[in-house]
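Along the sequence shown, residues carry numbers from 1.
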Amino acid sequence: MRLSRYFVPVLKETPSEAQIASHRLMLRAGMIKQASAGIYSWLPLGFKVLRKLENIVHEEQVRAGHIPMLMPTLQSADLWRESGRYDDYGEEMLRITDRHGRDMLYGPTNEELITDIFRSYVGSYRDLPLTLYHIQWKFRDEIRPRFGVMRGREFYMKDGYNFDLTKDDALHAYNRHLVSYLRTYERMGLQAIPMRADGGPIGGDYTHEFLVLAETGESEVFYDSQITDLKFGDREIDYDSVDQCQAVLEEFTSRYARTDETHDEALFNEIPEDRRRSARGIEVGQIFYFGTKYSEAMGATVATPDGGRVPVHMGSHGIGVSRLLGAIIEASHDENGIIWPEGVTPFHCGIVNLKQGDAAADAACDDLYKALTGHGLDPLYDDREERAGAKFATMDLIGLPWRITVGPRGLKNGVVELTSRRTGESEELAPELAVARIAEIYAGI
Ligand code: ATP
Ligand code: MG
């Protein structure tokens with residue numbers, strides 16, 4: 001993409017309404033625009049990152065054997081009356097009446113709708129296990145929407161639902177989700193720690209929240225510092241293997257890590273003092289096993305092998321896709337702007353032409369652009385008639401992990417400059433080598 005033909009409405013001034021870095025930087029980098037409180041338009045750059053995150057989530061869900069689908073945003077109140085949550089959910093639920101006077105709502109989550117789908121079509125243990133998920137906009141009329149996309153009213157969420165014959169099977173599904181979530185967040189360049197949490201209105205005894213440590217996080221968390229040394233890495237997991245998934249769960253949840261809701265001071269104090277940490281975190285996902293809570297209320301039963309009929313065991317599992325943009329930026333930025341991890345960057349690298357209109361510089365940039373796209377890469381070429389300083393500032397703000405700087409002086413010596421956004425280190429090298437280097441960096445991503 002050529003920047004002159006793109007749409008990145010960068011702001012020079014720091015917007016006064018933004019209290020935290022991610023919100024500020026997303027506004028300044030022209031990624032989002034508030035439409036009304038807690039509701040945002042996703043401008044091209046923000047939308048591009050949102051799509052990347054969504055793709056990673058899809059890939060990891062499908063890898064775990066979960067099946068994608070799509071449910072609507074608007075739901076009928078009747079299903080929520082069956083589960084009893086129409087009254088329980090309170091003011092966070094946006095309630096709407098259609099022209100025929102029917103009560104509708106903008107879905108804050110989808111347990112009822114998916115349970116209705118399940119009971120309509122599935123009646124036998126032979127069709128289990130089954131895990132369905134979708135990525136869809138949700139609406140919660142948060143009392144205090146703030147921090148940009150971190151606590152929106154409209155937000156994008158992956159929510160998945162497992163249906164199993166027995167509690168043990170459902171706990172395997174729970175573990176499978178935990179494993180797939182660890183992989184998902186690491187691919188986004190994030191460390192998200194599973195912490196024991198509270199069931200809240202969805203209910204359930206087994207639940208973990210995934211937290212990204214950040215000073216601006218809304219949750220208070222307590223953990224054993226050893227947990228931050230754990231990496232999922234590139235290990236291969238057989239998601240059908242009960243033992244393998246269980247082993248990962250044990251590895252990642254055996255050390256103390258809890259949110260304030262479940263914090264136990266006595267247990268915490270058993271950790272050696274130098275490893276005790278209290279900090280703040282951003283909740284980027286949560287997994288639940290809640291048994292037969294919805295299946296019993298809504299009559300979602302299956303035939304068992306011995307001819308009986310039982311309500312299915314269920315769990316639900318959410319990832320806050322739009323909140324993740326904010327979380328990634330909170331975890332990865334400096335005073336000049338965003339620093340995208342390679343796995344989610346909107347463009348793979350930037351090309352900065354120091355002297356637009358100079359025949360040699362223009363030609364070299366065009367060649368670089370072609371060579372990079374030839375490798376399947378997606379560069380952003382700053383071809384505007386701007387001062388070098390302004391171009392660098394824009395690139396730093398947007399935060400692409402790599403920048404190639406092209407100028408007449410370097411070209412005389414046959415070199416361009418390759419700069420890492422994260423370290424600020426630069427290297428002069430031949431244009432072909434710069435392309436090869438970038439292609440190599442992204443080859444494994
Ligand atoms: P919170 O405690 O932050 O209000 P929650 O526990 O109510 O969140 P869940 O029902 O667990 O949220 O939803 C799954 C995920 O959706 C959360 O882990 C979070 O990442 C995301 N999410 C929830 N509420 C919001 C919101 N208002 N804005 C953006 N993302 C959200
Ligand atoms: Mg939650």
Can you classify the ring geometry of Y289 versus Y206 as parallel (below 30°), tilted (30 to 60°) or perpendicular (above 60°)? perpendicular
With distance as the sole test, does T304 use its side chain to make a donor-acceptor pair with the main-chain N or O of G308 at under 3.5 Å? yes
Considering all heavy atoms of both residues, which atom of T419 and which atom of G424 are nearest to each other, and what is their separation? CG2-O, 3.9 Å
Looking at R437 and E440, is there a salt bridge between them, counting it only when a charged N and a carboxylate O are closer than 4.0 Å? no
What side chain to side chain donor-acceptor pair (under 3.5 Å) pairs are there with at least one residue in residues 230-243, not counting sequence neighbours? R235-E251
Regarding R81 and D78, does a basic nitrogen lie under 4.0 Å from an acidic carboxylate oxygen? yes
Rounded distance [0.5 Å steps], NE2 in H134 versus NE2 in H58: 10.5 Å
Looking only at atom types and distance, does a side-chain atom of Y40 sit under 3.5 Å from a main-chain N or O of F155, one as donor and one as acceptor? no
What is the ring orientation for F210 with Y181, classed by angle as parallel under 30°, tilted 30 to 60°, or perpendicular over 60°? tilted
Distance col, row R63:CZ vs I237:CD1, nearest 0.5 angstrom, shows 11.0 Å
Judged by modelled atom types alone, do T166 and D168 share a side-chain donor-acceptor pair under 3.5 Å? no
Donor-acceptor check, side chain of Y174 to backbone of T207, threshold 3.5 angstrom: yes or no? yes
Apply side-chain hydrogen bond (donor to acceptor under 3.5 Å, both in side chains) to the pair H313 and D169, showing each step before the final yes or no. CA-CA 8 Å; H313 286 259; D169 292 349; over 6 Å; no
Quick check: closest heavy atoms across L372 and C349, and the distance to 0.1 Å? CD1-SG, 3.7 Å
With no hydrogens and no angle check, is any side-chain donor or acceptor of E91 less than 3.5 Å from a backbone partner on D141? no
May I ask you to establish whether R183 and F232 are in a cation-pi arrangement, using a distance under 6.0 Å from NZ or CZ to the six-membered ring centre and at most 45° from the ring axis? no
Please answer whether the main-chain N or O of G399 pairs with a side-chain N or O of D396 as donor and acceptor at a distance below 3.5 Å. no
T259 side chain near D198 side chain, heavy-atom distance below 4.5 Å: no
Has K48 got its NZ or CZ under 6.0 Å from the middle of the six-membered ring of F347, at an angle within 45 degrees of the ring axis? yes
When rounded to the nearest 0.5 angstrom, what distance separates NZ in K138 from CG in L94? 14.5 Å
Near I143 CD1, under 6.0 Å, is it more than 12 heavy atoms from other residues, nucleotides or ligands? no
Inspect the contact between R144 and E218 and indicate whether a charged nitrogen and a carboxylate oxygen are less than 4.0 angstrom apart. no
Flag this pair as yes if the NZ/CZ of R119 is under 6.0 angstrom from the six-membered ring centre of Y294 and inside a 45 degree cone about the axis; otherwise no. no
Mind jotting down which residue pairs meet the side chain to side chain donor-acceptor pair (under 3.5 Å) criterion with at least one end in residues 13-28? Sequence neighbours excluded, please. S22-E330
Between the CE atom in M31 and the CH2 atom in W42, the distance rounded to the nearest 0.5 Å is 7.5 Å
Hey, is CZ on F47 packed in by over 12 heavy atoms from elsewhere, all under 6.0 Å? no
How close do T345 and P401 get, heavy atom to heavy atom, and via which atoms? OG1-CD, 3.1 Å
K293/E111 ion pair, N-O < 4.0 Å: no
Answer with yes or no whether the side chains of H317 and D159 bring together a donor and an acceptor at under 3.5 Å. no
Is it the case that the ring center of F222 lies less than 6.0 angstrom away from the ring center of Y256? no
Could you walk me through whether E82 and D116 pass side chain to side chain contact (heavy atoms under 4.5 Å, CB included), step by step? CA-CA 10 Å; E82 282 189 51; D116 179 57; 5.6 Å; no
Contact summary for T115 and S295, nearest pair of heavy atoms: CG2-CA, 4.4 Å
Considering all heavy atoms, the nearest A64-S180 contact: CB-CB, 4.0 Å
Taking side chain as C-beta onward, heavy atoms only, is D334 less than 4.5 Å from R421? yes
Could you give the distance from CD1 (I404) to CG (D382), rounded to the nearest 0.5 Å? 13.5 Å
Just verifying a value: how many Å separate D98 CG and D103 CG, rounded to the nearest 0.5 Å? 8.5 Å
Pair H66 + Y133: ring centers closer than 6.0 Å: no
Give me the atom names and distance for the closest heavy-atom approach of R276 to I271. NE-O, 2.9 Å
Are any non-hydrogen side-chain atoms of L113 and P72 less than 4.5 angstrom apart? yes
Residues T228 and R277: side-chain donor-acceptor under 3.5 angstrom: no
Hey, are E283 and S219 close enough side-chain-wise for a donor-acceptor pair under 3.5 Å? no
Ignoring hydrogens and geometry, is there a side-chain-to-backbone donor-acceptor pair from T373 to K370 under 3.5 Å? yes
